[in-house]
Novice: 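To start, I am sharing the structure in question, which I have written as structure tokens.
Note that ligands are numbered from 1 as they come in the structure, with each ligand's atoms numbered from 1 the same way.
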Amino acid sequence: MGIMVSRTASLLCLLLLSFVALARAEPHQTRNASNIKNDDATGFGSACALIGKAISNASALSYPLSVQYFSDIAHWASSSTELSACSVEPGTPQDVGSILRILGQTRTPFAVKGGGHSTILGFSSTSGVQISMNRFNSVTVDNATSTVAIGAGLLWDDVYRALDGTGLNVVGGRVPGVGVAGLTLGGGEPLSIQSIGIFWYNHGSEGYSWKTNQFGLAIDNVDSYEMVLPDGRIKVVRPEDEDLWFGLRGGFNNFGIVTKFVLKAHHQGNVWGGFVIFSSQQFDKINTAIVKFQQVQDKKASIIPTYNAFSGSPSLVLLMFYDGPGRPEGIFDDFLAIPNIQSTVRSGSFLEVFSIFPSTNTFGGTRAYFSSVPVLQYSSALLNVIVNETLFWGAKLAQLDLGTIASYDIEPFDAGLFTHSPASQPSAYPPDRSRALFPTNLYFGWTNPAFDGEVANALRESTRMVRNAAVADGQDVQTAAVYGNYALFGTPIEDVYRNNVPRLKEIRQRVDPENVMTLAGGFKF
Ligand SMILES: *[C@@H]1O[C@H](CO)[C@@H](O)[C@H](O)[C@H]1NC(C)=O
Ligand SMILES: *[C@@H]1O[C@H](CO)[C@@H](O)[C@H](O)[C@H]1NC(C)=O
Ligand SMILES: *[C@@H]1O[C@H](CO)[C@@H](O)[C@H](O)[C@H]1NC(C)=O
Ligand SMILES: *[C@@H]1O[C@H](CO)[C@@H](O)[C@H](O)[C@H]1NC(C)=O
């Protein structure tokens with residue numbers, strides 16, 4: 001499938017581009033550092049030195065210009081990367097504890113990076129101390145409890161590779177390149193996919209999975225968390241810890257640093273799926289097929305159609321997945337009958353089919369923002385507006401910069417999507433489980449940091465148009481909760497967590513009275 005650039009090559013690109021981009025871009029995003037105090041400019045450096053002395057030999061500290069440093073600060077979107085004072089890869093929860101204590105005592109800003117897929121500057125990047133979780137990289141199956149323990153530094157790719165051949169699987173990311181931690185702490189799953197000629201771009205979603213129709217969000221399939229609390233103590237969190245259990249399920253990094261996710265294992269047999277690319281001449285036929293697909297009752301079937309305009313040139317990538325050994329009769333026939341440019345569908349192991357989905361790669365240079373419009377359904381009228389937005393903004397962005405992309409993911413799920421968690425176990429996200437919301441990912445990509453502001457405004461404008469179209473459709477979504485993993489920077493926490501905000505604030509205050517985790521960016525309670 002097209003051309004894949006290795007992570008090493010991306011890293012080299014990043015080395016060059018990051019200095020250029022970072023030197024030029026004064027981030028206009030809101031990194032709320034108003035509560036951060038630091039005595040002097042060298043304060044970050046002294047925290048680095050203290051950390052270097054405190055950690056065991058299972059962990060490693062690095063400084064700018066080392067290979068480890070650049071890999072530690074690298075993000076999927078170059079617009080999410082910052083040059084930190086130093087980076088540290090903790091190798092044990094005890095060392096995470098030592099690091100947090102030093103950061104809290106010295107009031108040093110920091111960031112925690114799992115997979116590095118965030119599209120918000122400052123959420124997993126910092127000018128202070130960058131923590132990279134990549135040494136938490138083990139996958140351990142426990143047959144007795146039917147669970148899988150997964151290190152917080154892994155990508156879903158690593159997890160599926162480790163589980164291949166075991167007959168077991170977990171509810172995780174839908175496309176290659178997405179990290180375990182961000183997806184699982186945010187709720188479900190982030191994702192978007194774009195074809196750009198022979199290259200592919202995409203990104204992860206949070207809690208939503210190919211298996212979500214059957215089993216719910218990723219957060220609904222957690223058995224326990226191993227985490228380091230803001231005061232440095234290690235804790236295993238289970239449903240009995242009602243407050244943390246509620247907060248960790250969708251609440252990102254407000255309560256400490258998760259080092260291990262123990263997920264429920266599900267039986268996994270062979271599957272069918274792949275992606276198909278269509279030209280824009282087929283948009284009408286595809287729209288009709290998408291509307292009809294939403295009547296499908298079989299929870300093993302799932303699709304993600306993505307409208308893309310790369311440098312103004314439109315196309316559609318359709319991902320299809322069926323959690324059974326062959327193509328089921330009827331369900332995908334309408335899509336398969338439409339003439340396509342390329343098709344990769346096949347039967348195989350979960351890993352085989354997952355691996356042919358377009359992989360996450362921005363070649364270290366592309367800037368990216370996501371946004372989200374939660375909807376109740378994709379009607380023909382709504383899809384027409386989304387097609388127009390793709391063409392309109394695709395053309396606009398193409399006038400602005402080279403190598404731009406305007407991309408809209410349609411994410412229909414089963415109506416019972418949010419019913420897979422006991423009523424006694426509410427979660428930070430989604431704040432309302434009484435009805436299904438489909439998260440719809442909007443993604444704009446570009447290369448020149450000078451256009452950051454313009455692209456953000458364009459994405460805001462398009463988000464408003466799509467939401468208005470859903471409302472005009474009769475959908476009551478004006479104040480529907482936005483999926484945190486897709487949210488545009490500057491999205492107020494109320495838009496993501498709604499009525500849960502007061503409880504989340506109260507828990508945060510109790511768990512972190514010294515305000516250690518507020519030294520890290522993110523949606524802060
Ligand atoms: C940053 O924090 C200050 C003080 O808490 C608040 O007034 C301001 O609105 C915040 N800015 C953003 C963008 O959240
Ligand atoms: C790390 O330290 C432990 C004990 O502190 C020691 O047993 C081990 O050999 C060390 N490992 C390396 C690679 O130096
Ligand atoms: C777990 O179960 C699988 C499949 O039944 C088996 O192949 C594997 O050896 C088991 N592992 C352990 C540690 O018992
Ligand atoms: C297409 O989208 C643009 C930008 O949102 C809007 O100005 C225009 O009116 C739309 N055209 C149609 C036919 O809806």
Novice: Record the part of Glu389 in heavy-atom contact with ligand 4 below 4.0 Å; permitted values are side chain, backbone, both and neither.
Specialist: side chain

Novice: Taking NZ, NE, NH1 and NH2 as the nitrogens, is one of them in Arg367 or Asp452 under 4.0 Å from a carboxylate oxygen of the other?
Specialist: yes

Novice: Around ligand 2, what residues show up once you keep those with a heavy atom under 4.0 Å from it?
Specialist: Asn57

Novice: Would you please indicate if the ring centroids of Phe370 and Tyr443 are separated by under 6.0 Å?
Specialist: yes

Novice: Check this for me, if you would: do Arg174 and Glu411 make a salt bridge, where the nitrogen-to-carboxylate-oxygen distance has to be below 4.0 angstrom?
Specialist: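 Salt bridge: yes.
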
Novice: With no hydrogens and no angle check, is any side-chain donor or acceptor of Arg135 less than 3.5 Å from a backbone partner on Thr92?
Specialist: no

Novice: Ignoring hydrogens and geometry beyond distance, is a side-chain donor-acceptor pair present between Ser80 and Ser118 at under 3.5 Å?
Specialist: no

Novice: Would you check the N or O atoms of Trp393, main chain and side chain alike, for any that come under 3.5 Å of an N or O of ligand 4?
Specialist: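 No.
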
Novice: Taking only residues two or more places apart in sequence or in another chain, which ones pass side-chain hydrogen bond (donor to acceptor under 3.5 Å, both in side chains) with Thr491?
Specialist: none

Novice: Decide, yes or no, whether a salt bridge links Asp158 with Arg161 under the criterion of side-chain N to carboxylate O below 4.0 Å.
Specialist: yes

